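Here the structure comes first, spelled out in structure tokens, and everything after it is commentary.
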Amino acid sequence: MPAPLVGLDIGGTKTAAALVGPDGEVLGRRLAPTPAGSGPAAVLDTAARLARELLDPGGAGPVGVGTAGTVDPGTGTIRYATDSLPGWAGTPVADELAVRLARPVRVTNDVNAAALGESWVGAGRDRRELLLVAVGTGLGGAMLQRGRICTGARGGAGEVGHLPAPGAERLRCGCGRYGHLEAIASGTGLSAAYALDTGLRITGRAVAERAAAGEPVAREVVERAATALGRALAGLVALLDPQAVVLAGGAADALLPRARAALTAELPAAWADVPLLPATLGADAVVVGAARLAGHPGHGRQTDAAPAPVTDRRTRA
């Protein structure tokens, strides 16, 4: 039987590690705050420490990583990252962790890892053609084709948040531009739209809670966001032809019913059987998917050669 593998989830506020069995079951977990303000070396040191606590000291199996930021699919280096991880852009995550752990490391974006996890043992189980959309503070996406991550030329495929979205013209996306899907169908988008309508700035979670309690303005904000999301998903389904769409993230529950209705209304008949499903793995999705990545080198080819000695590597502070 294959040995369990370790998956890592490196985010702006927390870093998680999990030991995952060959059936996708999480056998052990470790969690620590991400020392983002201390620079990339400290972040990598934290991730390596958590992984070591779960790894077999005598083993040499690979480790998988899902991380915030856009990841170069060939090298495991961060091409782009937001201010949630200062200095993260340009960090050779695969190489640096391979040195710290003395074993191969395979790296992908965290939403890509979540899609792998959900496809393996979650809502998208056994579906090799899958679109996952993560609705949180921002809006991320990932595509699986033939069970593998579709990375695109730069590792940025699946960034659905930057699609133009009617109704978002006065709302600013996290990229700095106006009118994108993330600007309306995300936690930040719910907060901004509610502020425009009421003059009151509250969190997206609070907007969703007020909508659930029946407040008219909050309900309208959530319904507009969910409708925009569902219509965008319909176009993506027609373009990408997935077997299913999985909706993940903290704001997913608030948007799912109306988004599903909008998706159904917009879908051409040829795709009428494509379901919109709620994610089921929760906080484990990224670590489970990262472990899946580690065990299937076809998803990525970083550091499959033996790592160089520690003295040959340096990480930027």
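Keep in mind the model is a prediction, meaning the values are calculated, not measured. All values below were derived from every heavy atom in this structure, side-chain atoms included, with hydrogens, water molecules and symmetry-related copies excluded.
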Exercise. CZ of Arg258 to OG1 of Thr227: how many Å apart, nearest 0.5 Å?
Worked result: 5.0 Å
Exercise. Going through the checks in order, is the side chain to side chain contact (heavy atoms under 4.5 Å, CB included) test met by Val135 and Leu247?
Worked result: CA-CA 7 Å; Val135 188; Leu247 200 61; 3.7 Å; yes
Problem set entry | Donor-acceptor contact below 3.5 Å, side chain Asp83 vs main chain Pro86 | no
For this session: Show your reasoning for whether side chain to side chain contact (heavy atoms under 4.5 Å, CB included) applies to Val93 and Val71.
Result: CA-CA 9 Å; Val93 175; Val71 180; over 6 Å; no
For this session: Give the cluster check for Ile184 versus Leu236: same hydrophobic cluster or not, with ILVMFWY residues linked at side-chain heavy-atom distances below 4.5 Å.
Result: yes
Exercise. When you check the gap from the basic side-chain N to the acidic O, do Asp9 and Arg29 get nearer than 4.0 Å?
Worked result: no
Seminar exercise, completed: Shortest non-hydrogen pair, Leu5 vs Ala291, comes out as CD1-O, 3.7 Å
Exercise. Rounded to the nearest 0.5 Å, how far does CG of Leu19 lie from CG of Leu27?
Worked result: 5.0 Å
Exercise. If you measure only the distance, is there a donor-acceptor pair under 3.5 Å linking the side chains of Tyr194 and Glu220?
Worked result: no
Problem set entry | Trace of the side chain to side chain contact (heavy atoms under 4.5 Å, CB included) decision for Asp197 with Arg224 | CA-CA 12 Å; Asp197 288 352; Arg224 285 199 306 257; 2.9 Å; yes
Exercise. Should the heavy atoms of other residues, nucleotides or ligands under 6.0 Å from CG of Asp23 be counted, would the total exceed 12?
Worked result: yes
Problem set entry | Donor-acceptor contact present, side-chain Glu182 to main-chain Gly138, <3.5 Å | no
Problem set entry | Val111/Val133 under side chain to side chain contact (heavy atoms under 4.5 Å, CB included): CA gap, chis, key distance, verdict | CA-CA 8 Å; Val111 182; Val133 175; over 6 Å; no
Problem set entry | Nearest non-hydrogen partners of Ala254 and Ala208, listed with the distance | CB-CB, 3.7 Å
Exercise. Within the distance-only criterion (no hydrogens, no angle test), does the side chain of Thr280 pair as donor or acceptor with the backbone N or O of Ala123 below 3.5 angstrom?
Worked result: yes
Problem set entry | Side chains of Thr82 and Trp88, donor plus acceptor under 3.5 Å | no
Problem set entry | Side chains of Leu240 and Met143 in contact at under 4.5 Å (non-hydrogen atoms) | yes
Problem set entry | Side-chain touch Leu233/Leu276, heavy atoms, less than 4.5 angstrom | yes
Exercise. Considering only heavy atoms from C-beta outward, does the side chain of Leu144 approach that of Asn112 to under 4.5 Å?
Worked result: no
Exercise. Do other residues, nucleotides or ligands put more than 12 heavy atoms under 6.0 Å from Arg219 CZ?
Worked result: no
Exercise. Got Leu97 and Arg103 here, is their nearest side-chain heavy-atom distance under 4.5 Å?
Worked result: no
Problem set entry | Leu281 with Leu293, same ILVMFWY side-chain cluster at under 4.5 Å | no
Exercise. Which atoms form the tightest heavy-atom contact between Glu118 and Ala285, and what is the distance?
Worked result: OE2-CB, 4.1 Å
For this session: Please check if Leu163 and Val245 belong to a single hydrophobic cluster, counting links between Ile, Leu, Val, Met, Phe, Trp and Tyr side chain heavy atoms closer than 4.5 Å.
Result: yes
Exercise. Salt bridge or not for Arg100 and Asp45, using N-O below 4.0 Å?
Worked result: yes
Seminar exercise, completed: In this structure, CG of Leu181 is separated from CG of Leu171 (nearest 0.5 Å) by 11.0 Å
Exercise. Between Thr188 and Ser186, does any side-chain donor sit less than 3.5 Å from a side-chain acceptor?
Worked result: no
For this session: Would you name the heavy atoms of Val20 and Val288 that are closest together and state the gap between them?
Result: CG2-CA, 4.2 Å
Exercise. Is there side-chain contact between Leu116 and Ile149, with heavy atoms separated by less than 4.5 Å?
Worked result: yes
For this session: Say whether Leu196 and Val222 are linked into one hydrophobic cluster, either directly or through other cluster members, by side-chain heavy-atom distances under 4.5 angstrom.
Result: yes
Seminar exercise, completed: Residues Ala168 and Ala183: closest non-hydrogen pair is CB-CB, 4.5 Å
For this session: Could you tell me which residues satisfy side chain to side chain donor-acceptor pair (under 3.5 Å) with Arg260, sequence neighbours excluded, listed by chain and number?
Result: none
For this session: Might you confirm whether atom CZ of Arg49 has over 12 heavy atoms from other residues, nucleotides or ligands at distances under 6.0 Å?
Result: yes
Exercise. So, Thr198 side chain and Leu200 main chain: donor-acceptor pair closer than 3.5 Å or not?
Worked result: yes
Exercise. Is any side-chain heavy atom of Leu255 less than 4.5 Å from a side-chain heavy atom of Leu229?
Worked result: yes
Exercise. Is a side-chain donor or acceptor of Glu169 paired with a backbone partner of Gly167 at a separation under 3.5 angstrom?
Worked result: yes
Exercise. Roughly how far, to the nearest 0.5 Å, is the CG atom of Leu54 from the CG atom of Asp56?
Worked result: 11.5 Å
Exercise. When you check the side-chain N and O atoms of Thr34 and Thr15, is any donor under 3.5 Å from an acceptor?
Worked result: yes
Exercise. Within a strict 4.5 Å, meaning less than it, do heavy atoms of the Leu85 and Val43 side chains meet?
Worked result: yes
Exercise. Between Pro242 and Leu130, is any pair of side-chain heavy atoms under 4.5 Å apart?
Worked result: no
Problem set entry | Under 3.5 Å donor-acceptor, Glu129 side chain and Arg146 backbone | yes
For this session: Look up atom CG in Leu131 and atom CD in Gln243, then write down how far apart they are to the nearest 0.5 Å.
Result: 12.0 Å
Exercise. With hydrophobic residues grouped by side-chain heavy-atom distances under 4.5 Å, do Leu55 and Val65 end up in a single group?
Worked result: yes
Exercise. Can you name the closest pair of heavy atoms from Thr75 and Ala94 and give their distance?
Worked result: O-CB, 3.6 Å
Exercise. To the nearest 0.5 Å, what is the distance between NE2 (His180) and CG (Leu139)?
Worked result: 12.0 Å
Problem set entry | Partners meeting side chain to side chain contact (heavy atoms under 4.5 Å, CB included) with Leu31 (sequence neighbours left out) | Lys14, Ala16
Exercise. So, does Thr137 use its side chain to make a donor-acceptor pair with the main chain of Gly187 at under 3.5 Å?
Worked result: no
